[in-house]
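Following: one structure in structure tokens, then a few remarks.
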Amino acid sequence: MADRELAHWTGAGEGTIPTACRGFTDSVLPIIAAKRAQIVKSDFAFSDDVQFIPTPGHTIDHFSDVGRNRVGATR
């Protein structure tokens, strides 16, 4: 999860999550509480073959993944 996205949905540390965000409360916060989440920047790269690229518009710090196959083609 991108650090800016997490800060936005958690009220930047204020602990105020809007009630309209129940999916975040039910699905994301338990993963964070269990220390199973990796908080990254929105341009994070897992490797040379898999990386995130910012695609703003859907949420505050939305990103998409880009992958390359073994011959270097981008999907």
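- Across I32 and L6, no two heavy atoms sit closer than the pair CD1-CD1, 3.3 Å.
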- [ ] Could you go through the side chain to side chain contact (heavy atoms under 4.5 Å, CB included) check for M1 and I31 one step at a time?
- [x] CA-CA 11 Å; M1 168 171 247; I31 294 168; over 6 Å; no
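- You'll find the side chain of D3 stays beyond 4.5 Å of the side chain of E5, heavy atoms only.
- Nearest heavy atoms, A2 versus F63: CB-CE2, 3.4 Å.
- Contact check for F44 versus Q38: side-chain heavy atoms found under the 4.5 Å cut-off.
- In D26, the CG atom is crowded: over 12 heavy atoms of neighbouring residues, nucleotides or ligands sit closer than 6.0 Å.
- Ring-centre distance between F52 and F46: below the 6.0 Å cut-off.
- Inter-residue side-chain proximity for K41 and D61 is flagged as unmet; no heavy-atom pair is nearer than 4.5 Å.
- The closest donor-acceptor contact from the side chain of H62 to the backbone of T55 lies under 3.5 Å.
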